[in-house]
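A short write-up of the structure that comes next.
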Amino acid sequence: MKETVHHFPVNVAVLVFWLLCFANLTFVQADIHGAGEQALAKIDIYKTTLALDGSALITAYPRFLGSLGEDSEWITVNIMNEKPSADDWVGVFSPANFNASTCPPQDDQWQETPYICTAPIKYKYANHSNPEYTKTGKGTLRFLLINQRADFAFVLFSGGLSYPKLVSVSNKLQFSNPKAPVYPRLAHGKSWDEMTVTWTSGYNIDEAVPFVEWGMKGETPKRSPAGTLTFKQNSMCGSPARTVGWRDPGFIHTSFLKDLWPNTVYAYRMGHILSDGSYVWSKVFSFKSSPYPGQDSLQRVIIFGDMGKAERDGSNEYSDYQPGSLNTTDQLIKDLDNFDIVFHIGDLPYANGYISQWDQFTAQVQPITSTVPYMIASGNHERDWPNSGSFYDTSDSGGECGVPAETMYYVPAENRAKFWYSTDYGMFHFCIADSEHDWREGTEQYKFIEKCLASVDRQKQPWLIFSAHRVLGYSSNSWYGLEGAFEEPMGRESLQKLWQKYRVDIAFFGHVHNYERTCPVYQNQCVSKEKHQYSGTMNGTIHVVVGGGGSHLSEYSSVIPNWSIYRDYDFGFVKLTAFNHSSLLFEYKKSSDGKVYDSFTISRDYRDVLACVHDSCPATTLAT
């Protein structure tokens, strides 16, 4: 939906907006900082009591999963209950042996030890697909399980989510090899001719040696070793990640495939050599290596933020927390042959301390991450936790404090706990900032940002892109409007002079769950009247909010600032296409249908990049 509200000068807009919307401050603040709730957080699992009923029965089949090497399988769950009620629900627990022994000993907040101290990985109400359940006591549910390194059990509860009463437990189910290597994630290494492969397994290095077998199609493959990482419960900063949300993440392996030829298709598979000399293999995947920096060829980039995860079986979705996630995922899978690299700029699964959801997310995006580099940025729902070093002292990460994100995904940063890095893709140079650490002038990150922007040779790489999770540029989101500056507090104060000095083409941001594009702007002023066809010298940077990847949408201010060109209250993503050194196409597509709803082009020569614009002119001399 394109906005057609009349523009007003920013100073008038701010005054009017304050007067009209002050009463809604609390509501709007909740929207920008995470309205909605992680579905598993609704379950008070600590309050579970035993109410075993011999007349109730819950069974699940098939019992043995992945017999043909599958990483996921559909399960049928049958329920028989002589005392049905509308708030009965079924939780999926993994591992299947759950009892008080899993309760962390340091938590002495209870008068007596709870019966269950771990949240399920997903759940459905018993009447989810059985409207007659409360009358007949019979129902059938379908769940999609993924390989998560342990067995599974389905548990029937009464009493709703607030006061769960355990009524019946199903038989156990298990994948044929629960430790199998799964969910590959490609990412750029620290040089253009290096690709990293990260995956998850149940094998520690004392059980099996991890590696990747890879090579050009049709040639003898080679093998590259992999490093192994994991994290423990005491690595989490707080609850629920440290308590009810904890689940063992398995082992995370990363291999570095080096000296790649540009624009070449490689096949690869992950492997583990067991102690008896036998091998465990993943499926075979393939990717196309990056072009040489500055290479003139067709190059296509996808950018979005805040996608989250969702369940294809309909479980967990009672809070409508991430309603657009699967649409975005499926559109990208459908169009996989038509883009080369993805940037997911923060807020990945919205696990919020429920560690099982990281597996769910990596499985959801596997068709994408196994085929093209999937570059991420750090968001508030990955990093922020009080007194943990994050710039924002909020609890948005649910106690994760960045540990799962920096372990599960590789980024070519000097320090993965500090999520800022640069990477190249042909004619593009990307500077990825970490908005959850201080970026202001004089900080370590500010120095990195300037170095990243200054280091690019614009004759070879004309398209310079800046990105961060929070809106360090411009957004007319309702909460930012109430604050008066239409930006993250202190957001662009230090950075806008760098964007201008180094002539950044486009700055991308997430965090706000909608789409918005500005004019080329500097110091709150549009520096071009053009809206769709930019040519010649660029006098300012175009700012784009692309946080509509899938999480619940964010409201706009009722007044549109004069720099806002297009706003869309819907789920979507951006595609950049560089045809050559002089021509770039920008497209915003909706996740619902994959069609283009906003676009512009940039056409220019190298001399236009060099041209002097306001606050970007290098010093000159009168000497001859």
Side-chain angles (χ1 to χ4, degrees), residues 36-53 56 58 60 77 79 81 85-128 141 143 145 148-170 172-173 233-234 236-249 309 311 313-319 321 349-360 395 397-400 404:
E37 186 179 6
Q38 160 55 252
L40 298 178
K42 291 178 173 290
I43 304 172
D44 287 325
I45 202 68
Y46 288 154
K47 296 180 180 178
T48 298
T49 57
L50 289 181
L52 293 171
D53 187 339
I58 180 169
V77 177
I79 306 167
N81 186 4
S85 65
D87 60 0
D88 291 353
W89 58 280
V90 173
V92 185
F93 287 82
S94 178
N97 290 326
F98 54 91
N99 51 55
S101 65
T102 64
C103 297
Q106 69 271 26
D107 281 346
D108 56 356
Q109 58 184 313
W110 311 290
Q111 294 180 350
E112 58 184 53
T113 302
Y115 181 72
I116 303 176
C117 284
T118 57
I121 59 175
K122 59 171 69 178
Y123 71 95
K124 281 186 180 182
Y125 284 101
N127 61 6
H128 181 91
L141 299 173
F143 285 90
L145 296 186
Q148 290 186 265
R149 303 167 305 284
D151 54 4
F152 302 85
F154 293 81
V155 181
L156 176 63
F157 292 90
S158 63
L161 303 180
S162 298
Y163 299 96
K165 299 176 182 178
L166 194 157
V167 176
S168 183
V169 181
S170 79
K172 297 178 182 180
L173 296 80
Q233 193 166 359
N234 61 8
M236 302 293 95
C237 288
S239 182
R242 197 177 174 98
T243 55
V244 66
W246 172 253
R247 187 181 189 276
D248 192 299
K309 56 155 284 292
E311 301 290 346
D313 58 17
S315 58
N316 289 13
E317 294 306 309
Y318 303 106
S319 57
Y321 192 36
Y350 287 85
N352 294 3
Y354 291 86
I355 308 303
S356 66
Q357 302 308 288
W358 281 94
D359 283 323
Q360 301 287 332
S395 58
S397 76
E400 293 179 10

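Just so you know, residue 1 is the first one in the sequence shown, and it goes up from there. No hydrogens, no waters, no symmetry mates; every other heavy atom, side chains included, goes into these values.
Shown here for Ile45 and Thr48, the closest heavy-atom pair between the two residues is O-OG1, 2.7 Å. Residues Tyr46 and Val244 approach most closely at OH-N, 3.3 Å, considering heavy atoms. Nearest heavy-atom pair across Leu156 and Ile58 is N-CD1, 4.1 Å. The shortest non-hydrogen separation linking Ser239 to Thr243 is OG-OG1, 2.7 Å. For the pair Gly314 and His128, the tightest heavy-atom approach, listed with the atom from each and the gap, is O-CE1, 3.6 Å. The two atoms that bring Gln357 and Ile121 nearest to each other are NE2-O, 3.1 Å, heavy atoms only.
Interatomic distance, CD1 of Ile355 versus CZ of Arg242, reported as 12.0 Å (0.5 Å rounding). The distance from the NZ atom of Lys309 to the CG atom of Asp359 is 11.0 Å, given to the nearest 0.5 Å. Note that CD of Gln233 and CG of Asp248 are 9.5 Å apart. Values are rounded to the nearest 0.5 Å. Here CG of Leu40 is found 6.0 Å from OG of Ser356. Values are rounded to the nearest 0.5 Å. Here the straight-line distance linking atom CD1 of Ile116 with atom OG1 of Thr49 works out to 9.5 Å at 0.5 Å rounding.
None of Tyr115, Tyr163, Trp89 except one satisfies the ring pair (Phe, Tyr, Trp, His ring centres under 6.0 Å) rule with Phe157; the exception is Trp89.
Looking only at side-chain heavy atoms (C-beta outward), Val92 and Val77 stay at 4.5 Å or farther from each other. At least one side-chain heavy atom of Pro404 sits less than 4.5 Å from a side-chain heavy atom of Met236. Residues Lys47 and Pro164 form a side-chain contact, since some pair of their non-hydrogen atoms from C-beta on lies under 4.5 Å apart. Here the side chains of Asn234 and Trp246 are not in contact, with every heavy-atom distance at 4.5 Å or above. No side-chain heavy atom of Gln360 sits less than 4.5 Å from a side-chain heavy atom of Pro349.
Looking at Lys124, its side chain does come within 3.5 Å of a backbone N or O of Asp313 through a donor-acceptor pair. One N or O on the side chain of Arg247 and one on the backbone of Ser94 form a donor-acceptor pair closer than 3.5 Å. Asn316 places no side-chain N or O within 3.5 Å of a backbone atom of Ala39 that could act as its donor or acceptor partner.
Taking Trp358 as the reference, nothing meets the ring-ring contact (aromatic ring centres under 6.0 Å, His included) condition, with sequence neighbours excluded.
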Given the rule in the side-chain contact (heavy atoms from CB on, under 4.5 Å) test, do Val155 and Tyr123 qualify, once you have shown the distances and angles that lead to the verdict? CA-CA 9 Å; Val155 181; Tyr123 71 95; over 6 Å; no
Would you sort out whether Asp88 and Ser85 count as a side chain to side chain donor-acceptor pair (under 3.5 Å), showing the intermediate values? CA-CA 6 Å; Asp88 291 353; Ser85 65; 2.6 Å; yes
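Ring-plane geometry between Phe154 and Phe143 is classed as tilted, the angle between the planes lying from 30 to 60 degrees on a 0 to 90 degree scale.
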